[in-house]
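The model shown is predicted, which means the values in this text are computed figures rather than measured ones. Throughout, a chain's letter reflects where its sequence line sits, starting with A, and its residues are numbered from 1.
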Amino acid sequence: MPLLRTELARRVAGDLEDGWCVNVGIGAPLLLPGQPTPGKEILYHCEHGLLGVGPPPEGEPDPDITDAGKNPVTLLAGAAAFDSSVSFAIARGGRLDLCVLGALQVGEHGDLANWLVPGGNPGVGGAMDLAVGARRVWVMMNHVDKQGNAKLRKACTFPLTGVGVVDRVYTDLAVFEFTGGALTLRERAPGVGLEEIAARTEATYTVDLWNRGAAA
Amino acid sequence: MPLLRTELARRVAGDLEDGWCVNVGIGAPLLLPGQPTPGKEILYHCEHGLLGVGPPPEGEPDPDITDAGKNPVTLLAGAAAFDSSVSFAIARGGRLDLCVLGALQVGEHGDLANWLVPGGNPGVGGAMDLAVGARRVWVMMNHVDKQGNAKLRKACTFPLTGVGVVDRVYTDLAVFEFTGGALTLRERAPGVGLEEIAARTEATYTVDLWNRGAAA
Amino acid sequence: MIDKIRAGAAAALETVHSGASVVIGGFGRTGVPVDLIDALCARDVRELHVIANNGGQGLPGERGIGRLLAENRVKKFSCSFPVNPAFFRRYFDGEVEIELVPQGTLAERLRAGGSGLGGFYTPTAAGTILADGGFVMRHGTPEKTLPPKEQRVIDGRTYVLEFPLRPDFALVKADRADRYGNLRFRLGARNFNPLAAMAARTTVVQADHIGSLAPDDIHLPGPFVDHLVRTEPEAA
Amino acid sequence: MIDKIRAGAAAALETVHSGASVVIGGFGRTGVPVDLIDALCARDVRELHVIANNGGQGLPGERGIGRLLAENRVKKFSCSFPVNPAFFRRYFDGEVEIELVPQGTLAERLRAGGSGLGGFYTPTAAGTILADGGFVMRHGTPEKTLPPKEQRVIDGRTYVLEFPLRPDFALVKADRADRYGNLRFRLGARNFNPLAAMAARTTVVQADHIGSLAPDDIHLPGPFVDHLVRTEPEAA
């Protein structure tokens, strides 16, 4: 069974490491600060200038506390506010342990396309800065697009966000990892077969599944 | 009679305009925040990151409130603290109405040399940033050096701080102004003759004295 | 005496002219100087080059940057995320120009402008149509595409040369200000506001509160601010 | 759990090695991390490339950067105002190297390093021996002089290309810090400290107070900080 959006968020959250500073891009990654990470303290970074963001508020939202998608969120212990140039100094300066972005397409050598469908409405936000700056870039996306086309492709056909920047891809069907620029299938969603993944993936990849008993 | 150091500081302070943001360099210009400027509010800027600096403290000095010469000063109403990059953004970004610097030599087209006597100990501080960034650069210096050599010269023989940056020169003998890159004598210190000034000045200049009744 | 407090937004904005470049703080709806934008829209000002991160939502009766776009006052929009349906229609019709700038590059170009720098090299956008050229800035005949930017390999990495932004005016929202123009912002409402204030030749600020600020509580010092008005209370 | 607080300065500095580049905050005697420098001097660390605005005064028993220079631990000093008589003697004897950097350029090079930028153009020093070349960095045979820097005319003004500083370590003094490494500085003691913290690969901070900080009271966010120690109380 393909993972639901929140199941995918929980799956990604499970791989975060204690103490990481993590930027979450618009779309599905914005679900991450709402996921429990027991025993781990994660500092979520919002590109416009907040650090230490938590789940959506239960009471009245504060209009000055929003995520990158402009949704109301909360601030946790250790939160800090700063201007957008400092925020991107954190990103470009290599102080983000991880950035989690949505994607339209991912190429088999780690290229990322996530900001423009040709002929569509342009809007790049901070994706290009985050893609080149973060120590790790994970993509979180549906395995195929609404028309059923593979999003993991030999090469991106849409305009790029960054070249060779992606480290991992988490989809509703599987987890892939780039190692030395080559793509490896690491994990299948529960009940999803290797054949189904292969049928819905255009990119070339090898299969070397994580041993679930070992550290991911 | 040549002006004493404090008389020179009072003379310069008299020409400051209400509301100006003024950087004062090391040496004689550091006397400026101690001068009364009745009816005028002046914001003195210190290059390492303070604005709104006042005279030396009467009581116990605060080690975190010092001027560019590392002397204890005070903070006045409207004072702000910021890091050195913001401080030089103010300077380079054209937000200083005036910078007052000491000088070793000034050339007759407004070149400034104030950081290195050849063979001597080098130390540039913020002078080069201030010289290119401030809206106006005034020099405050003795008319001649300790050996009696003219400091207002045809050309600087010492390494430059900035090219064509000086707008006015206040010395113990006279006030000069650069207009269109040419030097004009504007004022004599009380009791100082035109001949004495001419004898102690190597630079070419014209004489067009300010009318004391008019605005300087 | 230094006093940058003006009687109202209209007085503070009276020198803004048609054709001016105007940078506006805010991210989404957070930290947008809506009162200043309303006051600007009360004047006959058109053909603006607006610099701001977002384009509003394009909803009826919307305040903020969306209002400037809806009233057709913008000929060129430099931004990272213009998303505004009405504005996109005029973009595809070739009536307006979009300079799409990655968000971190936009922030840095404003800071460079305010800092008197001539340009900088950033790794952002290398290998994309925002650096190699090709992004369509204006549709129609002739189509205007972004020219390739100068690139340079420094220590083995490719960087893109970006130039500073130095707009004529900035509209800025602060939480608290004093009469010297010293500013303090609130949480996520800071975003582009201090950078906009630094960059512009004339900076106009609306502040929710006017009072005194301790030196270490100031987020942006007064020399970057020219005119200051108190935010209008919300209509009941 | 995130906790950057270390047991003491010795533990926080244990990876600093001979030959390392170390940026140190402070202006004159204000905001200098003297405890960290003392702890560094307790280790056998030599041949450092020190980056700091000032060189101390060269007085007997002096703490701070002057101590590092007096103990002959510095082979290269990047600074704007090295003024230290003992260090100048070694400079004129050809034993040490001075990279003289205008103060605003020094601040900006640190910030660029911390911001992941590849370089920037500044008008500062154009037309001087710090841009056109000729400044003697090291005396002796052969003499080493500063090579001319790349220059470029942008919008009619001459700018000098400067490259970022990205030192191995930063020693920083803060007024207050929390366990996340968020920092607040005090008045003129801020100066180069936040920029040093941004620039370095590993940043070590001494703070006078450790406690909590409100988000808008933070001058530098925690991701730029690696290790944190409480300032030693002054000896009676």
Problem set entry | Option that, when pairs with chain C are counted at under 4.5 Å, heavy atom only, ranks first among A:Asn121, A:Leu116, A:Leu50 | A:Asn121
For this session: Determine the option with the most heavy-atom pairs under 4.5 angstrom with chain C, choosing from A:Ser84, A:Gly49, A:Gly123.
Result: A:Ser84
Seminar exercise, completed: Note: vs chain A, highest number of non-hydrogen pairs under 4.5 angstrom among C:Thr122, C:Leu106, C:Leu130 is C:Leu130
Exercise. A:Ala68, A:Gly126, A:Gly125: which one forms the most heavy-atom pairs within less than 4.5 Å of chain C?
Worked result: A:Gly125
Exercise. In terms of heavy-atom pairs under 4.5 Å, which option from C:Ala107, C:Pro82, C:Pro102 contacts chain A the most?
Worked result: C:Pro102
Exercise. Which pair of non-hydrogen atoms, one from A:Thr204 and one from A:Lys154, has the smallest distance, and what is that distance?
Worked result: OG1-NZ, 2.6 Å
Exercise. Chain A: which of C:Leu100, C:Leu110, C:Ile98 shares the most heavy-atom pairs with it under 4.5 Å?
Worked result: C:Leu100
Exercise. Between C:Glu62 (side chain) and C:Gln57 (backbone), is there a donor-acceptor pair under 3.5 Å?
Worked result: yes
Exercise. Would you call C:Arg63-C:Asp35 a salt bridge at under 4.0 Å N-O?
Worked result: yes
Exercise. So what's closer than 4.5 Å to chain C heavy atoms on A:Ile26: side chain, backbone, both or neither?
Worked result: side chain
For this session: With a 4.5 angstrom heavy-atom cut-off, could you sort out which part of C:Val136 is near chain A: side chain, backbone, both or neither?
Result: neither
Problem set entry | Heavy-atom contact with chain A under 4.5 Å, split by part of C:Asn54 | side chain
Seminar exercise, completed: Counting heavy-atom pairs under 4.5 angstrom with chain C, the leader among A:Ala91, A:Pro63, A:Pro122 is A:Pro122
Problem set entry | Sidechain-backbone polar pair: A:Asp18 side chain, A:Glu41 backbone, donor-acceptor under 3.5 Å | yes
For this session: Against chain C, label A:Pro159 side chain, backbone, both or neither, depending on which of its atoms sit under 4.5 Å from a heavy atom there.
Result: side chain
Problem set entry | Polar side-chain atom of A:Asp97 near backbone of A:Val22 as donor-acceptor pair, under 3.5 Å | no
Exercise. Are A:Ser87 and A:His48 close enough that a side-chain donor and a side-chain acceptor fall under 3.5 Å?
Worked result: no
Exercise. Among C:Phe27, C:Phe81, C:Phe192, C:Phe92, who wins on heavy-atom pairs under 4.5 Å with chain A?
Worked result: C:Phe27
For this session: Could you look at A:Asp62 and say if it's the side chain, the backbone, both or neither that has a heavy atom under 4.5 Å from chain C?
Result: side chain
For this session: Look only at the side chain of C:Asp226 and the backbone of C:Thr203, and say whether a donor-acceptor pair between them is shorter than 3.5 Å.
Result: yes
Exercise. Using non-hydrogen atoms only, which part of A:Leu130 is less than 4.5 Å away from chain C: side chain, backbone, both, or neither?
Worked result: neither
For this session: Look at C:Arg176 together with C:Asp208 and state whether they make a salt bridge at an N to O cut-off of under 4.0 Å.
Result: no
Exercise. Short question: side chain of A:Asp83, backbone of A:Val86 - any donor-acceptor pair under 3.5 Å?
Worked result: yes
Problem set entry | Any donor-acceptor N/O pair, A:Glu108 side chain to A:Leu183 backbone, under 3.5 Å | no
Problem set entry | Selection from C:Arg157, C:Arg111, C:His219 maximising heavy-atom pairs under 4.5 Å formed with chain A | C:Arg157
For this session: Let me know if C:Phe185 has heavy atoms under 4.5 Å from chain A in its side chain, its backbone, both or neither.
Result: neither
Exercise. Highest number of heavy-atom pairs under 4.5 Å with chain A: which of C:Val83, C:Asn191, C:Asn193?
Worked result: C:Asn191
Exercise. With a 4.5 angstrom heavy-atom cut-off, which part of C:Pro123 approaches chain A: side chain, backbone, both or neither?
Worked result: both
Problem set entry | Engaged part of A:Asp67 at the chain C interface, taking heavy atoms whose separation is under 4.5 Å | backbone
Problem set entry | Test applied, side chain to side chain contact (heavy atoms under 4.5 Å, CB included); reference residue, A:Pro33; option that passes from A:Thr74, A:Ile42, A:Val24 | A:Val24
For this session: Examine distances only and state if a side-chain atom of C:Gln206 and a backbone atom of C:Leu36 form a donor-acceptor pair shorter than 3.5 Å.
Result: yes
Problem set entry | Residue, of A:Thr161, A:Val124, A:Leu160, that accumulates the most heavy atom pairs under 4.5 Å with chain C | A:Val124
